[in-house]
Peer 1: 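I have a structure here, written as structure tokens, and I will follow up with some questions on it.
Atom set for the values below is all heavy atoms of this structure, side chains included, hydrogens, waters and symmetry mates excluded. In this text the structure is predicted, and so the values were computed from the model without any measurement. Note on naming: letters A, B, ... go to the chains in the order of the sequence lines (proteins, then strands), and numbering restarts at 1 for each one.
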Amino acid sequence: MATYLDELNDVQKKAVTTTEGPVLVIAGPGSGKTRVLTYRIAHLIETGVAPWEILTLTFTNKAAREMKERITHVVGDKGNRVWAGTFHSIFARILRVEADKIGYPSSFTIYDTSDSKSVLTSIVKELNLDPKVYAVNGLLKRISSAKSNIIPPKAYAADANLMSQDRMSKRPYLHKIYEKYTARCRRAGAMDFDDLLFQLYVLLRTNPDNVREKYQRRFKYILVDEFQDTNFLQYAILKKLAVYEGSPMNICVVGDDAQSIYAFRGATIDNILELENDLKGLQVFKLEQNYRSTEHIVQAANEVIQRNKRQIQKKIWSDKGAGHKIKVIKAVSDSEEGKRIADSILEQKSRHHLSNSEIAILYRTNAQSRVFEEYLRRYNLLYRVYGGLSFYQRKEVKDFIAYLRLTINPHDEEALKRVINYPKRGIGKATIDKISAHAGAAGKTMWAVLTEVPLSARASKSIAIFRKLILSFKEQAAMSNAFDAAHFIARHSTMIKTLDEDKTVEGLGRKENFNAVLDGIKEFVENDELLDEATLPDKSLASYIQSIALHTDLDNESENTDVITLMSVHAAKGLEFKSIYVVGLEEKLFPSSMSMETTEQIDEERRLFYVAITRAKEYLTLSFANSRYRFGKMAYNEPSRFLDEISPLHLEQGVPVKGKIVKEVNTGPQRARVVGNFKRKSAAPTFRVDPANFKPSPSSSIQVGMNVLHLKFGEGKVLSIDGGESDRIATIAFKDIGNEQKRIVLRFAKLQVL
DNA sequence: GGGGGCTATGGGGGG
DNA sequence: CATAGCCCCC
């Protein structure tokens, strides 16, 4: 038997070696999920399956890359021939080959979110609708969700339920916008992120030239990571590929319902529950041992997630010992939070000898990174921020990429609009509007009508020059590699010159970013390792554009430097660090104010919190701030409810969060409370005891008749104790509150024996 | 008709 | 705090 199997526990081994038929692996955090997936692939290859017959779908490029690395580590170079990638990237690759079968050019453009929004903005304007009512964010969500549920525009308009929802939300023309949006994208030869899934589904369903059978035959073994994050559409595609007459249904999905955090983009744990019906003979394996974290962390996570109603029963456990308790940090302001976290990091580094790369700060929203950056910089701690404004979203980068996109696909309307007058070449708004209107009326793209729109002599001349420019780019791209083409474009578009003229600090930064793109392209051309092994070593501009379309910030490996990681909780999924800081734990922030309406939403936020805390191997620190500068004004929020959901057992000395008791007393004057968006249900807790002088006694030492001190209730006398050995409940009369009797669970409460 | 500067508005998570 | 839309000047 292969030696790699020795590294697995019994359940893991079964999950790896049960290669035939459908398999569901329920994998708790840190349970060796990736190990199971990679070894399963290695095992398939070792037992004679060809690497290219294996399809592995993940949600991030990083996960796919890591998996490939680990597979090649076990089986050698041939591991690179496995089809491993994100849903979006693998499907895009298939669509490049098959696009003509569903009426798209193989050079189709991938619209990112901002492209999509821009299309929607122009449609709303065209239809003369109120842009406030028809806000593009909402529209895009609605359209995205329609696609994710396989509802094309026609079906949408025919759906009484959806239509009535739109009428109720005062957006009766939404279906019209959806229809126009779809037509507009198709005309431009563009697919948005959802189309990469949706069009692949269309391809498989309509099955031109029996293309479905082709892929059913090709992918003999299918593996899906993070299955809990798949939506209805993704699941439908998987079924098309794996479930058919005479199919062996060799599909293995790995997931954890407790870590489902993408409901907002249509993910549904129904998919996990549906599996049993759809895949007859499904074998289920549960990985419940956590190899990542110490017990306080695992148990706290269990306590938290336990509150969610609907979930697959499992008991995550660890044998790594109790470990360190969880630390809670309270700050008066967001800025102080930044300082305290930085202080704590310094302390941790020196006391526990942690390197930067073993530490991560996780937040709910990317906007929170700023204060932490500020203090880390001040303390000379190296860090790297992931997500947020990604490199490819910077203006100068987008502008240049737009030129490259336009070169490959001149019908790419968004790219054209971006650069038609950048750098300035005398094509103003009025001219652009004319072309756009003409194109709309003719049902063509702006590029297609450039020469037929009646314009002033001056404008016509500018347009002709622009058109010739792009055509020259096309010519250049056809006969040279991506770097030479890009360099040609950079020069002749006069972007280089324009950027060089800007001598401001920001301008220099922009030039630097611009150069970084060129460097990236050079690397792409020179370095074969960057190429996907499954594609030919195609160094064309088209190939480059394709390779970066689905890139995210997360994919750029930092150059092995020792840096602290700052990222959103979403981005941290699948990662682990020795020390984790989960910050901004306040109501309306985490849980997000936008997800507090329903139990379902709160449950998803809770799963997110669960994901956050289970990233930690040894040290977990949670923090919140009393006040926070947000949207230009001060906001005051209470500590997150999630803090209360961890029993004090797992928290460092005497920090019951419930009463918002602080370990360290606030420094500086208390800021005057602002009336307004600050709703507090109860008054601030009054302490009868100075927290600084309070020393809680071990709960086991509490006996009947003792006089004890409680932070909130003051001095009291223990009247009786009942309950079991492990959950003793004391009845105590507190004289400071009129001898009121309280029943106190000793396991949780902090009492000091007098 | 094009270009530049100003005000108003909106602001989650990610492929 | 960033971007879009608006207004005014050339």
Side-chain angles (χ1 to χ4, degrees), chain A residues 57-64 85-92 110-118 121-122 124-125 131-132 135-138 140-141 144 147-148 191-198 226 229-231 233-234 260-267 362-368 370 386-390 392-395 420-434 455-459 462 506 548-555 567-574 584 588-596 601 604-605 607-608 611-612 629-633 635:
Chain A
L57 297 168
T58 61
F59 274 82
T60 65
N61 292 308
K62 194 172 199 290
T86 63
F87 279 86
H88 291 85
S89 72
I90 296 277
F91 292 176
I110 298 172
Y111 274 176
D112 67 16
T113 313
S114 70
D115 293 321
S116 298
K117 284 182 187 168
S118 154
T121 306
S122 67
V124 169
K125 201 179 290 174
K132 285 202 186 74
V136 287
N137 278 329
L140 193 58
K141 254 185 199 173
S144 169
K147 284 186 191 168
S148 301
M191 295 198 199
D192 67 12
F193 287 136
D194 298 308
D195 281 327
L196 295 176
L197 313 179
F198 186 74
E226 310 279 12
D229 289 331
T230 54
N231 60 33
L233 173 57
Q234 286 164 318
S260 165
I261 54 175
Y262 283 99
F264 71 88
R265 66 174 195 214
L362 308 183
Y363 33 73
R364 180 66 181 80
T365 68
N366 285 310
Q368 287 166 253
R370 234 202 59 239
Y386 289 83
L389 229 206
S390 99
Y392 292 103
Q393 302 196 13
R394 297 199 174 132
K395 188 192 175 302
I420 191 168
N421 197 33
Y422 175 82
K424 299 259 175 301
R425 53 173 69 86
I427 302 173
K429 192 176 173 305
T431 305
I432 295 170
D433 284 348
K434 268 187 204 162
L455 293 168
S456 71
R458 199 168 53 155
S462 303
E506 302 85 52
I548 60 155
L550 298 166
H551 253 226
T552 59
D553 221 26
L554 274 182
D555 302 327
M567 56 168 58
S568 71
V569 181
H570 281 93
K573 185 152 75 141
K588 297 184 183 172
L589 183 61
F590 199 171
S592 158
S593 60
M594 296 167 110
S595 301
M596 297 174 73
Q601 288 177 332
E604 169 135 330
E605 295 287 312
R607 289 193 294 269
L608 195 56
V611 167
Y629 212 62
R630 244 187 131 196
F631 307 147
K633 58 177 172 230

Peer 1: Scan D112(A) against the nucleic acid and name what it touches under 4.0 Å (heavy atoms): base, sugar-phosphate only, or nothing.
Peer 2: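 The answer is nothing, as D112(A) stays clear of every strand by at least 4.0 Å.
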Peer 1: Would you confirm whether S118(A), through its side chain, and S114(A), through its main-chain N or O, come within 3.5 Å as a donor-acceptor pair?
Peer 2: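 Not confirmed, S118(A) side chain does not pair with S114(A) backbone.
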Peer 1: Please determine whether any donor N or O and acceptor N or O are separated by less than 3.5 Å between the side chain of S595(A) and the base of dG12(B).
Peer 2: yes
Peer 1: Verify the contact: side-chain N or O of K573(A) to OP1 or OP2 of dG14(B), cut-off strictly under 4.0 Å; return yes or no.
Peer 2: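 Answer is no, no contact under 4.0 Å.
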Peer 1: What contact category does T365(A) fall into here, base, sugar-phosphate, or nothing, at under 4.0 angstrom with non-hydrogen atoms?
Peer 2: sugar-phosphate
Peer 1: Using a heavy-atom cut-off of under 4.0 Å over every strand shown, decide if R364(A) touches base, sugar-phosphate, or nothing.
Peer 2: base
Peer 1: When the nearest nucleotide of DNA chain B is assigned to K132(A) and to E604(A) on a heavy-atom basis, which residue is associated with the more 5' position?
Peer 2: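 So the residue in question is K132(A).
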Peer 1: Under 4.0 Å between a side-chain N/O of N366(A) and OP1 or OP2 of dG11(B), yes or no?
Peer 2: no
Peer 1: Rounded to whole Å, how long is the line connecting atom CZ of R370(A) with atom P of dG11(B)?
Peer 2: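 That distance rounds to 19 Å.
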Peer 1: OP1 or OP2 of dG14(B) sitting under 4.0 Å from any side-chain N/O of S568(A)?
Peer 2: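 For S568(A), the contact criterion (side-chain N or O under 4.0 Å from OP1 or OP2 of dG14(B)) is met.
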Peer 1: Counting only distance, no hydrogens or angles, is the base of dG12(B) paired donor-acceptor with the side chain of Q368(A) under 3.5 Å?
Peer 2: no
Peer 1: Could you tell me whether E605(A) contacts a base, only the sugar-phosphate backbone, or nothing, with contacts defined as non-hydrogen atoms closer than 4.0 Å?
Peer 2: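 Answer is base: heavy atoms of E605(A) come under 4.0 Å of a base.
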Peer 1: So which nucleotide does dG13(B) pair with, by the Watson-Crick or G-U wobble rule with both distances under 3.5 Å?
Peer 2: none
Peer 1: Among the nucleotides dG12(B), dG1(B), dG14(B), which one has an atom lying closest to any side-chain atom of A571(A)?
Peer 2: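 Given the options dG12(B), dG1(B), dG14(B), the side chain of A571(A) is closest to dG14(B).
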Peer 1: Using whole Å, report how far CZ of F631(A) lies from P of dG11(B).
Peer 2: 8 Å
Peer 1: Is the phosphate of dG2(B) approached by T431(A) (side-chain N or O, under 4.0 Å from OP1 or OP2)?
Peer 2: yes
Peer 1: Looking at dG15(B) and F87(A): do their rings stack (centroid distance under 5.5 Å, interplanar angle under 30°)?
Peer 2: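 Stacking is absent between dG15(B) and F87(A), given that the ring centres and planes do not meet under 5.5 Å and under 30°.
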Peer 1: Tell me the interatomic distance from I548(A), atom CD1, to dG15(B), atom C1', rounded to whole angstroms.
Peer 2: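 The distance from CD1 of I548(A) to C1' of dG15(B) comes to 14 Å, rounded to the nearest Å.
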Peer 1: In whole Å, I'd like the distance from the CG atom of L455(A) to the P atom of dG1(B).
Peer 2: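 Roughly 10 Å, once rounded to whole Å.
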Peer 1: Is there a donor-acceptor pair closer than 3.5 Å between any side-chain N or O of R364(A) and the backbone N or O of V569(A)?
Peer 2: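 Absent.
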Peer 1: Does a distance-only test, which skips hydrogens and angles, find a donor-acceptor pair under 3.5 Å between the side chain of K424(A) and the base of dG1(B)?
Peer 2: no
Peer 1: Side chain of R458(A), heavy atoms from C-beta onward: which of dG2(B), dG5(C), dG14(B) has the nearest atom to it?
Peer 2: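 Selected nucleotide (nearest to the side chain): dG2(B).
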Peer 1: From the set dG2(B), dG13(B), dG12(B), return the single nucleotide nearest to any side-chain atom of H570(A).
Peer 2: dG13(B)
Peer 1: Look up atom CE in M191(A) and atom OG in S116(A), then write down how far apart they are to the nearest 0.5 Å.
Peer 2: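 Interatomic distance, M191(A) CE to S116(A) OG, rounded to 0.5 Å: 13.0 Å.
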Peer 1: Flag the pair H570(A) / F264(A) as yes when their ring centroid distance falls below 6.0 Å, and as no otherwise.
Peer 2: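 Aromatic pair counts; centres sit under 6.0 Å.
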Peer 1: Can you tell me if D112(A) uses its side chain to pair, donor with acceptor, with the backbone of D115(A) under 3.5 Å?
Peer 2: yes
Peer 1: Without decimals, in angstroms, what is the distance between L196(A) CG and dG15(B) P?
Peer 2: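 My rounded result for the distance is 13 Å.
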Peer 1: Indicate, with a heavy-atom threshold strictly under 4.0 Å, whether K117(A) touches base, sugar-phosphate, or nothing.
Peer 2: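 Here K117(A) touches no strand at all.
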Peer 1: Searching all strands shown, indicate the nucleotide that pairs with dC6(B) (Watson-Crick or G-U wobble; both distances under 3.5 Å).
Peer 2: dG5(C)
Peer 1: Do K147(A) and F193(A) meet the cation-pi criteria used here (NZ or CZ under 6.0 Å from the six-membered ring centre, within 45° of the axis)?
Peer 2: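 Negative - K147(A) is either too far from the ring of F193(A) or too far off its axis.
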Peer 1: Quick one: do the S89(A) and T86(A) side chains pair a donor with an acceptor below 3.5 Å?
Peer 2: yes
Peer 1: Expressed in angstrom and rounded to an integer, what is the separation of K429(A) atom NZ from dC9(C) atom C1'?
Peer 2: 17 Å
Peer 1: Calculate the interatomic distance between L140(A) atom CG and dG13(B) atom P; express it in whole Å.
Peer 2: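 Atom CG in L140(A) sits about 15 Å away from atom P in dG13(B).
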Peer 1: Any N or O donor-acceptor pair linking the side chain of T113(A) to the base of dG15(B) at under 3.5 Å?
Peer 2: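 Such a pair is found, so the answer is yes.
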Peer 1: If you compare every side-chain N and O of N137(A) against the phosphate oxygens of dG12(B) (OP1, OP2), does one of them come in below 4.0 Å?
Peer 2: no
Peer 1: If you assign I427(A) and F193(A) each to the DNA chain B nucleotide with the nearest heavy atom, which residue ends up on the more 5' nucleotide?
Peer 2: I427(A)
Peer 1: Atom CG of D192(A) and atom P of dG14(B): how far apart are they, to the nearest Å?
Peer 2: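 For the pair D192(A) CG and dG14(B) P, the rounded distance is 18 Å.
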